[in-house]
Amino acid sequence: MPDLTKPPSPQPRRRRCRLCGICLGTAFLALLVSALVHLFFPPPQPGPSPRFAVIIDGGSTGTRVHVFATRPDGRPDLARSAVMRVSPGLSSFAAEPARAGNSLRPLIDFSMERVGGAGSAAATEVRLMATAGLRLLEERVQEAILSSCRDVLRASGFRFEDPWAEVIPGSDEGIYAWVAANYALGTLGGDPHKTIGIIELGGASAQLTFVSDEVLAPELSRNFTFGDTTYTLYSNSFLNFGQNAAQDSFHEILRSRDSSKNGTLVDPCAPKGYSRIEEVISKSSNVSSSKLENQYVDSGDGDFTECRSSSLVLLKKGKEKCQYQQCHLGPTFVPELRGHFLATENFYFTSKFFGLKQSSSLSDFVLAGEQFCNKDLSTLRQKYPNQSDDDFSRYCFSSAYIVALLHDSLGVPLDDKRIEYSNQVGDIQVEWALGAFISNIKDTILEPPRTGISTHKSRLLPALLGVFLLGGALWLARWRKPKTKIIYDLEKGRYIITRVS
Ligand SMILES: Nc1ncnc2c1ncn2[C@@H]1O[C@H](COP(=O)(O)OP(=O)(O)OP(=O)(O)O)[C@@H](O)[C@H]1O
């Protein structure tokens, strides 16, 4: 039985409670201070280190490496991305495919430096995507070139798997370019009718990609989904219709017309006074052995109109095999060009050479081409001291070829200004490799942004809530804690303990 006559010793217990209060109060204060410090001096976000993706564009005239950087949240960081080009292109190794891989070494060294060394490279994917130059070669030769490249890429220190070196279909190249243009413009993910179409004039091929409402044959129609929007695209690549390949075919046509057989070709697309010896080399099935078959003299005649109509003949080549209601380029159907277009690569280089505005009309090309092609070689040499004679023949040809392609074949009116001639949108270079990169990471791009501020807020809110809950609980505990009153009853000679609220 407890001896109630003995007075309890309330002093140490009260001291203990006070000590408890002080401790809890201090903890509460500490938590509050830490929450405030967190609010005003947020700790650095640890996040993953910057990452990269390397895409090698194996073009017909050169090989270009793109080192694309991403922010810690996985979104593209184009300001930190970089590009480097070597020439000639991979297809120039057709006779010695085993040497093709070596041409990638300077590009790999460049990429290694950009990603910050071997440690980062091991986590960075490298992909090689070859285009028209390789598409034009026999499959056996294509494979030999790719195999040599794979050997080098496997040993590069970057993440690489053999299927990542490939020849991509022309329609993929077109879709990637369309993605790049619309990403740069900010129209990707939005209304299909507000997107921009793209037409590229490369060295060996030309690509045309845009949203079309027309019913298309399955081989001409591709779907591309970004977020909630699926775009139905007409996408086509015209092999051999690139500017360099077209000019070569044009010279072939001239040679076939050389009825006099005296070996002189009258070239309407070269300025008067221009002369160049052309050699025709025959290649046997064994690509390493070739022999000189014939020699011609290409002699300039500077006639834009003739150059344009001869170009049209070239663009109609194969029309007899047309399997559609109508064919606009060779044996291929092209729906009506709808909306605005971006015309890149040689379209842009030609307009730039002639000093045309970005939104010029085709009549501006006609005028510039007529004036230029008409001038004789000596005048042109004086006016453009930094250009070669071959450049003069190239630009005379390209001005006429562009008009024959866009107006005479695709029906773009001469005074139409819906086409912008440029390789960039804002300060973003529009290249298909950018579109390939964007397509690869589109799931990350589509995630809601996880910025430093929102991450910080999301951590701070529970911290503050915790502090206030704890504070509230302490206050409640103190408020609800029964207080005791101890009185010594003289009459009964004992302590009486009562609870007070
Ligand atoms: N600075 C420049 N000035 C003029 N023409 C250029 C310039 N750079 C490239 N070109 C020409 O533009 C065309 C496209 O070059 P690019 O390297 O982009 O194409 P490519 O990838 O070799 O072509 P393809 O896609 O057909 O394989 C080529 O005909 C090239 O000669």
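Indexing begins at 1, ligand by ligand and atom by atom, following the structure's order.
Salt-bridge formation is detected for the pair Glu431/Arg64: a Lys NZ or Arg NE/NH1/NH2 atom is positioned less than 4.0 Å from an Asp or Glu carboxylate oxygen. Between Asp172 and Arg222 there is a salt bridge, since a side-chain N of the basic residue sits under 4.0 Å from a carboxylate O of the acidic one. A salt bridge is defined here as a Lys NZ or Arg NE, NH1 or NH2 lying under 4.0 Å from an Asp or Glu carboxylate O, and Glu143 with Arg140 fails to meet this definition. A salt bridge does not link Arg71 with Asp73: none of the charged nitrogens is closer than 4.0 Å to a carboxylate oxygen. Between Glu336 and Arg338 there is no salt bridge, since none of the side-chain N atoms of the basic residue sits less than 4.0 Å from a carboxylate O of the acidic one.
Residue Glu200 places every heavy atom at 4.0 Å or more from ligand 1. Within the 4.0 Å heavy-atom cutoff, Gln207 does not count among the residues contacting ligand 1. Put simply, no part of Gly242 is less than 4.0 Å from ligand 1, judged by heavy atoms. Every heavy atom of Phe241 sits 4.0 Å or more from the atoms of ligand 1. In this structure, Arg64 has a heavy atom closer than 4.0 Å to ligand 1. No heavy atom of Gln243 sits closer than 4.0 Å to any atom of ligand 1.
Close approach of ligand 1 to Ser60 is summarised as follows: ligand atoms under 4.0 Å from at least one heavy atom of the residue are 20 (P), 21 (O), 22 (O), 23 (O), 24 (P), 26 (O), 27 (O). Interface atoms of ligand 1 facing Asn346, defined by a heavy-atom separation under 4.0 Å, are 11 (C), 12 (O), 13 (C), 28 (C), 29 (O). The Arg85 neighbourhood of ligand 1 comprises atoms 17 (O), with distances under 4.0 Å to a heavy atom of that residue. Numbered from 1 in the order shown, with element, the atoms of ligand 1 that lie under 4.0 Å from a heavy atom of Glu173 read 25 (O).
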### Task
May I have the step-by-step check of salt bridge (Lys or Arg N to Asp or Glu O under 4.0 Å) for Lys375 and Glu370, ending in yes or no?
CA-CA 9 Å; Lys375 292 200 167 64; Glu370 275 174 352; over 6 Å; no

query = Run the salt bridge (Lys or Arg N to Asp or Glu O under 4.0 Å) check on Arg127 and Glu125 step by step: do they pass?
reply = CA-CA 7 Å; Arg127 288 171 193 267; Glu125 290 181 2; 3.1 Å; yes

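Of the N or O atoms in Asp57, none lie within a sub-3.5 Å distance of an N or O in ligand 1. At under 3.5 Å, not a single nitrogen or oxygen of Phe349, backbone or side chain, sits near a nitrogen or oxygen of ligand 1. For Tyr395, no nitrogen or oxygen atom sits less than 3.5 Å from a nitrogen or oxygen atom of ligand 1, counting backbone and side chain alike. In terms of N/O distances under 3.5 Å, ligand 1 is not approached by Leu201.
Counting protein heavy atoms only, atom 19 (O) of ligand 1 is closest to Thr61 OG1, 3.9 Å. Regarding atom 23 (O) of ligand 1, its nearest protein heavy-atom neighbour is Gly203 N, 3.1 Å. Of all protein heavy atoms, the one lying nearest to atom 14 (C) of ligand 1 is Glu345 OE1, 3.7 Å. The protein heavy atom nearest to atom 21 (O) of ligand 1 is Gly59 CA, 3.3 Å. Looking from atom 26 (O) of ligand 1 to the surrounding protein, the closest heavy atom is Ala204 N, 2.8 Å.
Across the listed options Asn240, Thr350, Leu90, Asn244, Asn244 owns the non-hydrogen atom lying nearest to atom 31 (O) of ligand 1.
A centroid separation of less than 6.0 Å is found between the aromatic rings of Phe333 and His328.
A side-chain donor-acceptor contact under 3.5 Å links Ser310 to the backbone of Glu306.
Residues Glu278 and His251 have side chains that bring a donor and an acceptor to within less than 3.5 angstrom of each other. Side-chain atoms of Asn346 and Tyr348 form no donor-acceptor pair, as typed in the model, at a separation below 3.5 Å.
Disulfide status for Cys307 with Cys396: absent, SG atoms not under 2.5 Å apart.
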